[in-house]
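Throughout, a chain's letter reflects where its sequence line sits, starting with A, and its residues are numbered from 1.
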Amino acid sequence: MGVFEDLVGQDRAADVLRQAASAAADALAGGRGAGMTHAWLFTGPPGSGRSDAARAFAAALLCPDQGCGHCDSCHQVEVGSHPDLTWVRPEGLSYSARQTRDLVLKGAGAPTLGRWRIVLFEDADRATEAAANALLKAIEEPPPRTVWLLCAPSPDDMIVTIRSRCRVVTLRTPSAEAVAHVLATRDGVPDDMAWFAAQAAQGDIGRARRLALDEEVRRRREEVLSIPASLTGVGECIAAAERLVKTSAEDADAATATLNEAETAELRRVYGEGSSGKGLGKGLVRGGAGALKELETLQKSRATRIKRDSIDVALLDLVAYYRDVLAVQLGAGVELANEDRRREVESLAAGSTPEDTLRRTEAIMVCRERLAANVNPQIAVEAMTLVLRDPRVSR
Amino acid sequence: MLPDMANPAPVTLVVGDEELLADRAVSSVVAAVRADDAGAEVHDLVGGKVEPGELTGLASPSLFGDRSVIVIRSAQDLSKDVIAEIVKYTAHPAEDTVLVLAHPGGVKGKALVDGVKKAGADVVTVSKLTKPAERLDFIKGEIKRAGRSITPSAAQALLDAVGSDLRELAAACGQLAFDTPGKGIDEAAVARYHRGRAEVSGFTIADLAIEGKLGEALEQLRWALATGVAPVLIVSALAGGLRSLAKIGGAPRNLRGGQLASHVGMPPWKIDRVKRQLTGWGQDGISRAMQAVAVADEQVKGGGTDPAYALERAVQVIVASRTGR
């Protein structure tokens, strides 16, 4: 069937969703609808396609044909313009209780086209605890035709009271073969490049696609992977950390600069700047300054998130690198994620112990935690590169 | 900087956020008028409470031809109508009246500043002193006003001990001039009444810790926390100090002077200082110290319960890491 075909390596989940979609159609026709429920939690590692799965399910629910993939309704879901699908994608660091209450209100309406009203909440783990609590009532007993689809990396990321109200759909990490196959068939990537990208991305389809299609992303990855070999002294550690943090800041700037400007100009216009005509002032009307300030806060939070995400991608590349080192040290017969750097990996493996490698991996994970805890990025990354140079300092 | 004493302008505008200097400017105008006519009436008004028409009433000539001074403080709070009235008045001031407006600068009530300037008022600007050299000049000026003189080192010692608040500095200068005999004031005289340091920045603590002075570093840390320096700033100063060590210590040996400065991105004077601090530091020591700083930053940002403990612990680990070559 159409919409579920795009899910890579998720046959079990797709089966469950297909059954639920036909049960939902049954319920609409007046049947019992056994197998359908009103709140779903999609979990799986980054890149396993949580939001893709949720979107496919939404399409299947809204389509009169349970997800044919080519009718009007399916197309509208695909481009995000279906009137009965509310799609939430938090852009900032967190999602507030106030925003959630608005969402609950939207979810409470009757479906316009007569099938279901769906709220798809991507990255629901960004909701603060208060926000999650605001959701409880809504997802426990929604109106008869409302369906909530939440996405989070793991069920543990949601508070337990949300978890117990949702049916969990667990997605697995797709195999490198599956990812390479998708890249080759759907995006027309040459076989060896597809294989390289699938290996390097460790099951993250989005990242694999970016790696395969964007030269700049590949160059950035090379730069990150050259860090371990470059850490010969503390001076180099500091310099490497500085570069990493600076690149992430540039990423954030590049992604937000034009967006920020457009948003600010739009808000200024809404508050009456540059209006002409009798009795109209040229400046902002009352409340404009406050609204601008609020927008600035949102934009800042978005920039911080992009910065953190950008560093996180680099850190995950490093984790994959040391995973390879560990695999070689322990003689595990798995494919290396960094096959192109096999010689370097092998020499590092021969020159250190598995304990060292684990300490290094641990340092990277600690760095990720610190970034999430709002530690100054430069300090966090410096502490990490210094441990990568010499794992003994972490004790 | 202060307005002409002998003959105050009909309208004087004092703009700036340095309270002490603004007060002085205002009172010098008042004093000048009083010197001319001891019976002059002074109306001291606060911006937010001035009603429309009040100024016109006060400024209208009295039957007996008395002089009067109208002082309006916090002029940023004046209402729109009153501002218009004042601007209009400034263009045609009354003969027997002197008007003084004190505005702290900034955007609020900017119409008043612009309008009055345009209408030809005398403008006195008093801005906050930000550079240490300006504060030293201020101290010298204060002492000179009292008819005395002070040596540069004594002025520096006084500044260190009292802090950067001008009111306190002015009071301290007055007290010193009163308490000490003779003409010149030297360091010994300052040390007799003032000692220690009023303000500690994170950099002081970082320098002490990196130089291995545990006791002093902890003392200054407590002092800084007690005077309200944000723990986050102290952590970043500690990190900055260690970072400089790592950069200079790790720079290629053959670089000198300007080349080294551009390689590590630091001014030359700082490089000399860091080079002196480098003795006793080795790569492993720096690495360990940085770990402690990262832990401290996490705890200060809410990961721990007591920022003061986190900082003390970081300082101790830094000092202990120094022995490693």
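A distance of 9.5 Å separates CG in B:Leu242 from CD1 in A:Ile379, rounded to the nearest 0.5 Å. Taking CD of A:Glu242 as the start and CZ of B:Arg243 as the end, the distance is 7.5 Å to the nearest 0.5 Å. Rounding to the nearest 0.5 angstrom, the gap separating the CD atom in A:Glu369 from the CD atom in B:Glu298 is 7.5 Å.
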Without placing hydrogens or testing angles, list every side-chain donor-acceptor pair under 3.5 Å for residues 303-312 of chain B, not counting sequence neighbours.
{"residue": "B:Asp306", "atom": "OD1", "partner": "B:Ala308", "partner atom": "N", "Å": "3.1"}
{"residue": "B:Glu312", "atom": "OE2", "partner": "B:Arg222", "partner atom": "NE", "Å": "2.6"}
{"residue": "B:Glu312", "atom": "OE2", "partner": "B:Arg222", "partner atom": "NH2", "Å": "2.9"}

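No side-chain donor-acceptor contact under 3.5 Å links B:Lys247 to the backbone of A:Gly235. Without hydrogens or angle criteria, B:Gln283 side chain to A:Gly233 main chain gives no donor-acceptor distance under 3.5 Å. With hydrogens and angles ignored, the 3.5 Å screen pairs a side-chain donor or acceptor of B:Asp297 with a backbone N or O of A:Asn376.
Here A:Val234 is the residue among A:Thr385, A:Val234, A:Asp390 with the most heavy-atom pairs under 4.5 Å with chain B.
For B:Val295, the parts sitting under 4.5 Å from any heavy atom of chain A are the backbone and the side chain alike. Using a 4.5 Å cut-off between heavy atoms, A:Val387 touches chain B through backbone and side chain atoms alike.
Summarising the geometry of B:Ser287 relative to A:Arg389, their closest heavy-atom pair is OG-NH2, 3.9 Å, with the distance given to 0.1 Å. Here the closest heavy-atom approach between residue B:Ala294 and residue A:Arg370 is recorded as CB-NH1, 3.3 Å.
Counting heavy-atom neighbours within 6.0 Å of A:Arg163 CZ, excluding the residue itself, gives a total above 12.
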